[in-house]
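What you see is a predicted model, and the numbers here were worked out from it, not measured in a lab.
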There are 2 protein chains.
Amino acid sequence: MTAEPLSQPAPDRRQRRRQETIEEVLDIAVEIMATDGVAGLSLGEVARRMGIRPPSLYVYFPSKLALYDALFARGARQVHDVMAEAYGRMLEEATSFEDYLYTTSATYIRWRVSHPVYSQLLYWRPVPGFTPSEEAYAPAVAMVQQAIGVFREMQQRGWLRDDVPAEDIFRDWTVITSGVSSQQMSNAPDESFEQGRFTSALPGLVAMFIRHYGASPTPATVRRHGNVAKRTARKR
Amino acid sequence: MTAEPLSQPAPDRRQRRRQETIEEVLDIAVEIMATDGVAGLSLGEVARRMGIRPPSLYVYFPSKLALYDALFARGARQVHDVMAEAYGRMLEEATSFEDYLYTTSATYIRWRVSHPVYSQLLYWRPVPGFTPSEEAYAPAVAMVQQAIGVFREMQQRGWLRDDVPAEDIFRDWTVITSGVSSQQMSNAPDESFEQGRFTSALPGLVAMFIRHYGASPTPATVRRHGNVAKRTARKR
DNA sequence: GTCTATATGACGATAGAC
DNA sequence: GTCTATCGTCATATAGAC
């Protein structure tokens with residue numbers, strides 16, 4: 001019948017405090033991986049930078065692999081959220097397939113090159129013995145499904161060829177986006193998205209892709225979504 | 001004045017024996033990295049599999065990083081040699097830019113997906129603190145220069161647009177080849193080049209690339225190198 | 001060139017006191 | 001939830017005998 005004594009914080013407050021500590025561990029882990037490599041993460045170094053002793057970390061993570069899994073989950077959720085926002089917004093705002101494709105893929109590539117640690121953990125699997133759990137991986141699956149759904153919508157708008165399955169067109173586009181990200185991070189990791197020697201090739205690659213996969217607009221499409229005539233293939 | 005005693009082998013023979021041991025170390029190191037990850041290589045495990053003790057390895061490599069450097073050099077030289085052969089042969093045999101581009105890039109991607117360990121070491125740098133020496137890196141530089149030179153030759157043959165620098169066109173093409181390699185190794189590393197879900201997209205990507213960067217053949221070009229009319233952009 | 005012995009240290013993880 | 005103490009393992013690397 002009495003209120004919670006001050007020395008025993010309410011469960012939700014304790015929970016929140018715990019979550020804050022977990023976030024701090026993840027932040028510091030990312031910092032360490034940025035300098036020592038993804039596989040160079042060590043619990044001792046995390047504890048040292050937090051000003052605690054290594055065994056205390058086991059209150060929050062049962063093992064080092066569990067920490068990697070939490071990092072994977074965090075990265076997958078972040079990129080999912082960023083892309084879900086971009087997909088949704090551009091579905092409303094895009095005036096052409098070129099507009100849609102450039103904006104969303106620039107968002108994706110910018111995230112990857114500005115989060116190289118997550119990018120390596122999520123896409124390159126450099127940690128021996130670590131495989132992400134199904135829960136951690138789920139946002140990545142959702143992101144792909146949403147992206148394919150948007151490509152289908154593009155086909156229905158008449159912005160995209162519909163004689164090829166949306167899955168295949170999307171697969172080809174992932175080759176481009178992952179190629180730009182990979183080349184930029186491998187060859188010039190210190191260049192920003194704006195000045196990168198590979199990221200700056202993106203507009204040209206979008207144009208190439210649309211010349212191949214873009215559909216000629218019907219008059220109805222033009223009326224609904226504006227003039228996209230510039231996308232039409234030039235005769236050589 | 002006397003011949004070399006049997007217990008003191010001639011210097012060249014000793015040298016050869018030494019080189020054989022070095023090659024064995026490299027072979028076993030690759031085996032270990034294939035299962036334990038590139039960063040999971042350990043000298044103790046190498047020694048165990050060779051049936052020797054860890055200190056004996058220091059006769060051949062002064063440090064673990066030196067071993068990584070030798071592995072990098074070996075991989076860079078291998079892919080250089082494979083590609084130099086392909087470039088040279090296709091310069092003579094190719095009947096079209098499509099023919100040239102598909103064959104050489106298939107060679108490159110096949111090497112990468114069938115040598116995932118070297119591919120990670122050369123392109124993803126997963127080892128904390130390791131940077132390849134200039135000598136080890138040299139074949140990679142030579143390979144890029146040769147490839148750009150071939151693209152220039154393609155421009156002179158009239159197979160490739162010459163209103164864009166060969167360097168830029170080649171950069172765009174590396175985005176495609178590294179994208180296919182990266183996606184295939186990340187998402188389905190156990191699929192072969194022939195049946196891979198991304199590698200099998202290569203012909204379509206070649207077609208897309210040529211639709212954008214291919215040049216219309218002049219009559220003289222056709223006379224010299226055969227009919228390439230099929231590469232001409234279709235009117236939509 | 002190979003060995004034994006050893007220096008030196010990090011690592012992940014657990015037990016149990018407070 | 002944090003600590004001390006510790007276990008067990010493995011690592012790279014060196015010294016010096018044979």
Side-chain angles (χ1 to χ4, degrees), chain A residues 4-26 28-29 32-33 35-71 126-131, chain B residues 4-26 28-29 32-33 35-71 126-131:
Chain A
E4 294 276 354
L6 287 178
S7 58
Q8 293 278 349
D12 61 335
R13 171 164 165 76
R14 186 167 44 202
Q15 197 89 16
R16 214 189 54 208
R17 192 69 184 88
R18 180 184 169 84
Q19 194 56 40
E20 284 172 10
T21 306
I22 288 178
E23 297 297 326
E24 189 187 351
V25 171
L26 297 178
I28 291 179
I32 295 170
M33 291 189 287
T35 60
D36 298 346
V38 173
L41 176 64
S42 91
L43 299 180
E45 185 60 27
V46 172
R48 199 169 301 121
R49 297 196 189 192
M50 289 184 70
I52 63 175
R53 304 290 157 182
S56 304
L57 291 171
Y58 285 82
V59 174
Y60 307 100
F61 299 97
S63 74
K64 190 186 179 182
L65 289 184
L67 173 55
Y68 273 122
D69 203 54
L71 288 163
V127 183
F130 168 65
T131 331
Chain B
E4 294 275 353
L6 288 177
S7 57
Q8 294 276 351
D12 61 334
R13 170 164 166 76
R14 185 167 45 202
Q15 197 90 14
R16 214 188 56 209
R17 192 70 184 89
R18 179 184 169 85
Q19 194 55 41
E20 284 174 8
T21 307
I22 288 177
E23 297 297 327
E24 189 187 351
V25 171
L26 297 178
I28 291 178
I32 295 171
M33 291 189 286
T35 61
D36 297 348
V38 172
L41 176 64
S42 92
L43 300 180
E45 184 61 27
V46 172
R48 200 168 301 120
R49 297 196 190 191
M50 288 183 69
I52 62 174
R53 303 290 158 185
S56 303
L57 291 171
Y58 285 81
V59 173
Y60 307 101
F61 299 96
S63 72
K64 190 184 179 183
L65 289 185
L67 172 55
Y68 274 121
D69 203 54
L71 288 163
V127 182
F130 167 65
T131 331

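Atom CG of L67(A) and atom C1' of dG12(C) are 12 Å apart (whole Å). Between the CZ atom of F61(A) and the C1' atom of dA13(C) there is a distance of 16 Å, given to the nearest Å. Between Y58(B) atom OH and dA11(D) atom C1' the separation is 9 Å, expressed in whole Å. K64(A) has its NZ atom 11 Å from the C1' atom of dA10(C), to the nearest Å. The separation between R13(B) atom CZ and dG1(C) atom P is 12 Å, rounded to whole Å. When the P atom of dG1(C) is taken as reference, atom CZ of R14(B) falls 7 Å away, rounded to whole Å. Separating the OH atom of Y68(A) from the C1' atom of dG12(C) is a distance of 12 Å, rounded to the nearest angstrom. If you measure from atom CG of L43(B) to atom P of dA13(D), you get 6 Å, rounded to the nearest angstrom.
Rounding to the nearest 0.5 angstrom, the gap separating the CZ atom in R49(B) from the CD1 atom in I28(B) is 7.5 Å. To the nearest 0.5 angstrom, L26(B) atom CG is 6.5 Å from L67(B) atom CG.
Of the N and O atoms on the side chains of Q15(A) and Q19(A), not one donor lies less than 3.5 Å from an acceptor on the other residue.
In this model, the phosphate group of dT2(D) is approached by a side-chain N or O of Y60(A) to a distance below 4.0 Å at OP1 or OP2. Between S56(A) and dC3(D), a side-chain N or O to OP1/OP2 separation shorter than 4.0 Å is present.
Across the interface with DNA chain C, nearest-nucleotide mapping of S42(A) and P55(A) shows S42(A) to be the residue nearer the 5′ end.
Residue contacts for S63(B): at a heavy-atom cut-off of 4.0 Å it reaches the sugar-phosphate backbone alone, with no base atom in range.
With contacts defined as side-chain heavy-atom distances shorter than 4.5 Å, the pair L71(A)/V38(A) does not qualify.
Here dA11(D) is the nucleotide among dA11(D), dC3(D), dG1(D) with the atom lying nearest to any side-chain atom of R48(B).
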